[in-house]
Every structure is written in structure tokens, then in C-alpha cells.
Amino acid sequence: RRLYDAHAARRHIERSLAITRKLFGEESHSASVSHNSLAACLQDLGEYAEARKNFELALAIDRKTLGEDDRQIAIVHANLGMLCYDQGDFSKAFAEEKQSLSISQNFLARMFGALSENQQLALEDNVRVALDNYLTIAGQIPVDDDAVYAWVLKCKGAVTAEQFLLHLQRRRSGTVKLFDELQSTTTRLSALDGELSELAATTSDPKERERRVQRIEREIRDLNARNETLQQQLVAKNSGFSQAKEFARMRPEDLRKALSPNSALIDFLEYSYYPRLEPGRTNRQPERRLLAFVIRPDRPTRRVELGSALGIAAKIDGWSRQVIGSRNSDGAEFSEDLRKLVWNPIEPFLDGAQTILISPDGSLCQFPFAVLPGAKPGSYLLEERQLAVFPVPRILPQLLAQSMPVSDDKVAATPLVIGNVDYESDPGTILLAHNDVRDRNRSREPVDNRGGGRLAFKYLPGTKDEMEDRKSVV
């Protein structure tokens with residue numbers, strides 16, 4: 001946006017605000033939207049004091065019309081936080097971004113059961129943006145690493161963790177009706193949230209608006225009370241539900257209790273860092289950065305900034321092209337660089353830890369940590385430490401549990417064993433698994449690989465016997 005465009009936009013927004021006040025009143029949600037837009041425009045013009053005043057007016061109006069936990073308020077908190085950040089008021093900025101993050105994360109958790117998977121993932125993206133803002137400003141002021149990690153623990157893989165909880169509930173018989181009713185009441189709560197937002201923007205008669213707001217708020221209170229009752233009944237019928245709910249509220253200290261004495265958890269997070277804007281500039285270019293948290297059972301959480309995520313991603317891509325593309329290289333140059341960039345800054349906090357649990361993020365999900373060079377020349381990290389990779393730390397205690405609750409309907413969970421696979425065979429032919437499935441007259445061509453050559457997956461005849469051996473012990 002150019003500066004003269006901002007001046008023109010200001011005039012139009014101010015005219016719109018005057019009309020909105022006349023039609024819907026000083027304290028309508030529509031007026032709040034206009035104040036928020038005007039504040040953003042004033043921020044672009046470098047008029048920070050006036051911008052801040054308009055953001056605060058928008059917040060005050062929305063608190064009255066929407067309530068403190070509405071997701072629209074989260075947006076205004078975030079906007080005000082970034083303005084304060086640009087002004088150098090880091091303490092105020094941090095408080096506003098923390099509030100925005102809290103509202104966004106709580107909204108996703110509260111409405112999760114009423115959303116489609118696409119809606120869940122879209123809201124998770126919103127939560128990650130709020131987390132990016134929070135982490136950007138947390139790096140500017142003294143903040144306890146445990147407090148910062150508590151938010152990362154809540155937000156990273158939120159949909160995966162909540163889906164895990166839902167599947168855990170479904171594994172128990174006798175709770176399906178309760179679970180369905182809980183989803184139904186949550187869906188209705190989501191609809192009422194939309195009605196409140198629409199009501200604030202469209203109803204001009206203050207008395208009618210107040211009457212309808214009171215009716216909606218009564219229904220919301222009743223539904224929340226019913227939700228609480230349903231959750232108590234689920235807890236009484238299903239200990240797994242209670243346990244899973246606790247995991248959904250996982251704190252860093254709870255995670256520490258789940259770790260064995262000689263272990264460590266490394267939780268990586270890729271996030272967008274937002275630089276401060278100078279007055280008169282409107283283009284804020286984010287930088288992708290990589291962050292790691294080291295969690296030990298007997299020590300405080302440590303936060304380690306690892307620098308540019310794009311630089312690390314380039315090294316991983318180079319390693320992949322050499323190892324997978326040429327088949328004649330072990331990618332030693334790139335893996336050495338990756339050890340320096342990713343592992344060496346963390347290693348001082350891993351003394352005495354033999355088992356390392358790794359939760360990767362971003363491009364690190366595409367790299368096998370086991371092939372990182374070890375401390376000795378010619379060695380690998382896997383020779384020095386026991387490594388395990390998993391997706392979401394919030395579900396770690398359940399994954400470490402010795403047993404998973406199974407359904408009472410006699411359908412026990414069993415492992416899936418796969419072997420005797422011929423990757424290049426004709427997929428149109430279906431043969432029994434206990435027979436040798438190799439078709440020597442395969443018709444398919446090998447697929448292209450990223451290095452530009454022809455990549456073929458060879459048939460491994462020994463996997464048939466391995467599969468049979470595994471089947472005999474499960």
C-alpha cells in the first residue's frame with residue numbers, strides 16, 4: 001500500500017464510521033469494525049497514538065457486544081499488540097498478544113467437536129499465527145522459558161491432539177450417546193456464537209437487540225451447564241476420557257513427569273518472526289525461524305533459538321538431493337552442516353541423556369536425525385543416543401503408557417504387519433498375502449526422483465520371512 005492510498009482510505013473509513021454510528025449507535029459491533037480499520041490505516045500513516053486510541057475503542061465496544069472470549073476480539077488484541085510492538089512498548093504488546101493467543105486457542109478447543117476437519121485445521125492456522133506474534137515479542141523481553149513453552153505445548157499439533165482425544169472416547173462402549181449429545185450441544189454453541197456476532201452488526205433497535213442478546217446468553221449458559229454435566233458423566237463412565245482431558249491441558253511439568261530419568265525431549269517449532277515497522281512503512285516481511293525447547297525430567301525447560309528456518313530447509317533439501325537423487329553419496333557435507341545448525345546448539349543441554357525424544361516441525365519432518373554425524377569422525381548420532389521421533393508432545397504420556405484402553409466390544413487392537421511388498425508390480429493383480437507376490441513380468445516403469453534420474457524400489461525377498469516371524473509373536 002502506498003502512502004497516498006492510506007490518506008484516501010482514512011477519509012473513506014472516517015465517513016463510513018460516521019454513517020455506522022448514526023445507523024447502529026456508538027457501541028455497535030459495526031462501529032468496532034470501523035474503529036479497527038481506521039486504527040490500521042492510522043498505523044500505516046505512522047500516527048501511532050491515534051491508532052492506539054481507535055484499537056482500544058474497538059476493544060471496549062466488542063467487550064460489551066461480543067464478550068471477552070469472542071474470536072473477533074482476539075483479532076483486535078493482536079492488532080493492538082503489534083502496534084505497541086512497533087512503538088517499543090514490549091510489555092503491553094506481550095500482554096495483548098498473550099490475550100489474543102489465549103482466546104484463539106480456547107475457541108478452537110471449545111468449538112472443536114462442532115467443526116469439520118477443514119474448519120479445525122483453518123482455526124489451527126489462526127492459532128499458529130497468534131503463536132507467531134507471541135513468540136516474536138517473547139524474544140524481546142525476559143520471559144520464563146517454561147511459560148513460553150506452555151503455550152507451544154497447547155498450540156502445536158492442536159488438531160492432532162484433539163482428534164486423538166475423540167478417538168479415545170470412541171474406543172469405549174456405553175459412551176457413544178453421551179459423546180453424540182456433547183457434539184450436538186457444542187455445535188449449537190458455535191451457531192449461537194455466530195448469531196451474537198450477526199446480531200451486533202445488523203440489529204439497529206437497542207431494546208430489541210438487548211432482548212435477543214439476553215435470550216441467546218441464557219441458552220449459552222444452559223448449554224454450557226449441560227456440556228459440563230455430559231463431561232462429568234463421560235469421566236465417570238470412562239477413565240480414558242478423564243485421562244485424555246488431562247493430556248489436553250498438558251503443562252510442561254506434567255510432561256517432565258512422563259519422561260524417564262536419563263531422557264530428554266526436544267520439541268522443535270518453526271515460526272514466523274515479525275520485525276518492527278518504522279513509521280511510514282507498511283510492508284512487514286516475516287522471517288521463518290526455527291526454535292527448540294529442551295525438556296528434561298529434573299531441570300527447567302530451555303529455549304534455544306536456531307536461526308533461519310529457510311537456511312536449514314535448504315541444507316535438508318541439498319542432503320535429500322544428494323542421498324536420494326544420486327544414490328552415490330551419503331550427503332556428508334550437508335549432514336555436517338545440519339549438525340552444526342540444529343544439534344550443536346542443543347547438545348549442551350543433553351548431558352547425561354541417553355534416550356532422546358524428538359518432535360520435529362517444518363522441514364525437519366523430512367530429515368532422519370539418526371544420520372546426523374556423531375561426535376567421533378565417521379560415526380552417527382544413532383550410535384551415541386537412542387532416538388525416537390513422534391509428532392505431538394501433548395500426547396506423549398499416552399504414547400509412553402504400557403497399554404491403550406481397548407473397546408469393550410471384543411474388537412481388540414492388533415498391530416499391522418506389512419512385508420513381502422513388490423513396489424513395481426502391476427497394481428491390477430491382487431494376490432493372497434501368504435503367497436510370494438513378486439511378479440517378474442512387471443509392466444510399470446520406475447518413477448522419477450528429485451535428482452532427475454530413474455528411481456526404482458527393489459523387491460526385498462527377505463521381508464516375507466520377517467513378516468511371518470512377526471506374525472507368530474503378536
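Just so you know, residue 1 is the first one in the sequence shown, and it goes up from there. No hydrogens, no waters, no symmetry mates; every other heavy atom, side chains included, goes into these values. Owing to the predicted nature of the structure, the values given are computational and were not obtained by experimental measurement.
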Determine, stepwise, if the pair L290 / L269 fulfils side chain to side chain contact (heavy atoms under 4.5 Å, CB included).
CA-CA 6 Å; L290 187 66; L269 185 81; over 6 Å; no
Under 3.5 Å: donor-acceptor pair, side chain of E124, backbone of V159
yes
CA sep, side-chain torsions, deciding dist, call: S102, W151, side chain to side chain contact (heavy atoms under 4.5 Å, CB included):
CA-CA 9 Å; S102 176; W151 285 108; 3.5 Å; yes
For a quick check under 3.5 Å, do S272 and R128 share a side-chain donor-acceptor pair by atom type?
no
Heavy-atom side-chain proximity of L101 to V127 below 4.5 angstrom:
yes
Does a side-chain N-to-carboxylate-O contact under 4.0 Å join D351 and R299?
yes
Between V389 and P360, is there a side-chain heavy-atom distance shorter than 4.5 Å?
yes
Whether S37 side chain and V33 backbone form a donor-acceptor pair below 3.5 Å
yes
pair L255-Y149: side-chain heavy atoms closer than 4.5 Å
yes
Would you call E336 and K340 a salt bridge, using N to O less than 4.0 angstrom?
no
E68: which residues meet the side chain to side chain contact (heavy atoms under 4.5 Å, CB included) condition with it, sequence neighbours left out?
R63, I73, H77, Q99, I103
Atom pair CZ (R289) and CD1 (I312), whose distance is rounded to the nearest 0.5 Å
12.0 Å
Flag side-chain contact, heavy atom, 4.5 Å: Y271 against L131:
no
Shortest non-hydrogen contact between S28 and T20, atoms and distance:
OG-CG2, 4.0 Å
To the nearest 0.5 Å, atom CD of Q43 lies from atom CG of L277 at 7.0 Å
Check the pair K257 / E253 against salt bridge (Lys or Arg N to Asp or Glu O under 4.0 Å), numbers first and verdict last.
CA-CA 6 Å; K257 292 176 184 177; E253 53 265 36; over 6 Å; no
Separation between CG (L80) and NZ (K92), nearest 0.5 Å, reads 5.5 Å
Using only atom types and a distance under 3.5 Å, with no angle test, would you say the side chain of D70 pairs donor to acceptor with the backbone of G67?
no
Quick one: NE2 on H35 to CZ on F55, what's the gap to the nearest 0.5 Å?
12.0 Å
Can you tell whether the side chains of R10 and E47 come within less than 4.0 Å, N to carboxylate O?
yes
Quick one: are L396 and L259 in side-chain contact, heavy atoms under 4.5 Å?
yes
Contacts of type ring pair (Phe, Tyr, Trp, His ring centres under 6.0 Å), residue F334, not counting sequence neighbours
none
Could you report the tightest heavy-atom contact between G25 and A31, atom names first, then the distance?
O-CB, 4.0 Å
Below 4.5 Å, heavy atoms only, C-beta onward: do S104 and R71 meet side chain to side chain?
no
Can Q72 and D62 be counted as having a side-chain donor-acceptor contact under 3.5 angstrom?
no
Flag the pair E50 and K53 as a salt bridge only when some basic side-chain nitrogen lies within less than 4.0 angstrom of an acidic carboxylate oxygen.
yes
Between L372 and V342, is the side chain to side chain contact (heavy atoms under 4.5 Å, CB included) condition met? List the steps.
CA-CA 10 Å; L372 283 175; V342 176; 5.6 Å; no
Taking all atoms of both residues into account, what is the closest heavy-atom pair of Y134 and A147, and its distance?
OH-O, 3.8 Å
Residues two or more places apart in sequence or in another chain: which of them pass salt bridge (charged side-chain N to carboxylate O under 4.0 Å, His left out) with K98?
none
Spacing of L66 atom CG and S32 atom OG [to the nearest 0.5 Å]:
7.0 Å
Can you tell me which residue among Y380, F268, W319 is in a ring-ring contact (aromatic ring centres under 6.0 Å, His included) with F369?
F268
Closer than 3.5 angstrom, by distance alone: can the side chain of R212 be matched with the main-chain N or O of E195 as a donor-acceptor pair?
no
With a 4.5 Å cut-off on side-chain heavy atoms, are L135 and V152 touching?
yes
Is there side-chain contact between L192 and L223, with heavy atoms separated by less than 4.5 Å?
yes
Under 3.5 Å side-chain donor-acceptor pair for N36 and N79
yes
Is it the case that more than 12 heavy atoms not belonging to Y273 sit under 6.0 Å from its OH atom?
yes
Run I266 and L350 through side chain to side chain contact (heavy atoms under 4.5 Å, CB included) and show every step you take.
CA-CA 9 Å; I266 305 173; L350 300 176; 4.0 Å; yes
Given D145, D144, D146, the one that forms side-chain hydrogen bond (donor to acceptor under 3.5 Å, both in side chains) with T301:
D146
Heavy atoms of P297 and P261 approach each other most closely as CG-O, 3.7 Å
In this structure, CD of E219 is separated from CG of N224 (nearest 0.5 Å) by 10.5 Å
Would you confirm whether S335, through its side chain, and A332, through its main-chain N or O, come within 3.5 Å as a donor-acceptor pair?
yes
Which atom pair, heavy atoms only, marks the closest approach of C41 to A6?
SG-O, 3.0 Å
Within the side chain of R385, is there an N or O that forms a donor-acceptor pair under 3.5 Å with the backbone of A353?
yes
When Y85 is tested against each of E97, R276, E96 for side chain to side chain contact (heavy atoms under 4.5 Å, CB included), which residue passes?
R276
Quick one: closest heavy-atom pair of G352 and R296, and the distance?
C-NH2, 4.0 Å
For K156, run the salt bridge (Lys or Arg N to Asp or Glu O under 4.0 Å) check against D361, D267, D132 and tell me which one passes.
D267
Check whether the side chains of T185 and N227 place a donor and an acceptor atom closer than 3.5 Å, and report yes or no.
yes
